[in-house]
Amino acid sequence: MLYPVCKIDDIKDNSMMLFKINHNGKILDIIIGKINQKLFACNNHCPHMGASLSKSELIPQDNRIICYLHDFEYDLFSGKLMKIPEQWQSQNQEWKKSGNLILYKVIESDDGRLSVDIH
Ligand code: FES
């Protein structure tokens, strides 16, 4: 299902915006952003322990986001966890366990409006 969110010019390069989308009665927090001029969309909740990724930082040179809570790094296009910082390596496996980012497709219409595709 396509949900209109904003215009492409509303999102500056290497930045992101947070949207609340009512999907079948469930409110989803979704980030739409642009990194190196490429659009991405992902769920706002960090797959590690649920911190808000909208408060986190983008790393343009690697196409990653680094979660502000424990600094785990995720690739914005594959969704994969790429790095757990050194200081957490001694934590147990259960603590370090993280899924990947939940990614969504962003569709740009001819007039520059963006929609996010959620199933
Ligand atoms: S909650 Fe995001 S890295 Fe832990």
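FYI, side chains are in, hydrogens and waters are out, and symmetry mates aren't considered; it's all heavy atoms of this structure. Start at 1 and go down the list; that is how both ligands and their atoms are numbered.
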Inter- and intrachain pairs under ring pair (Phe, Tyr, Trp, His ring centres under 6.0 Å), touching residues 22-55, at least two apart: Tyr3-His23, His48-His70, His48-Phe72, His48-Trp95
Can you give me every donor-acceptor pair (side chain of residues 58-69, partner residue at least two apart or in another chain, under 3.5 Å) with its distance?
{"unit_1": "Asn63", "atom_1": "OD1", "unit_2": "Asn36", "atom_2": "ND2", "d": "2.9"}
{"unit_1": "Arg64", "atom_1": "NH1", "unit_2": "Glu73", "atom_2": "OE1", "d": "2.8"}

Exercise answer: donor-acceptor pairs, residues 111-119 side-chain atoms, under 3.5 Å, sequence neighbours excluded:
{"unit_1": "Asp111", "atom_1": "OD1", "unit_2": "Ser109", "atom_2": "OG", "d": "2.5"}
{"unit_1": "Asp111", "atom_1": "OD1", "unit_2": "Arg113", "atom_2": "N", "d": "3.4"}
{"unit_1": "Asp117", "atom_1": "OD1", "unit_2": "Met1", "atom_2": "N", "d": "3.4"}

Neighbour count above 12 (heavy atom, 6.0 Å) for Glu57 CD: no
Protein N, O or S within less than 2.8 Å of atom 4 (Fe) of ligand 1, waters excluded: His48 ND1, His70 ND1
Ring-face cation contact, Tyr74 with Lys80, 6.0 Å cut, 45° max: no
Trace of the side chain to side chain contact (heavy atoms under 4.5 Å, CB included) decision for Leu39 with Ile8: CA-CA 9 Å; Leu39 290 163; Ile8 188 149; 3.9 Å; yes
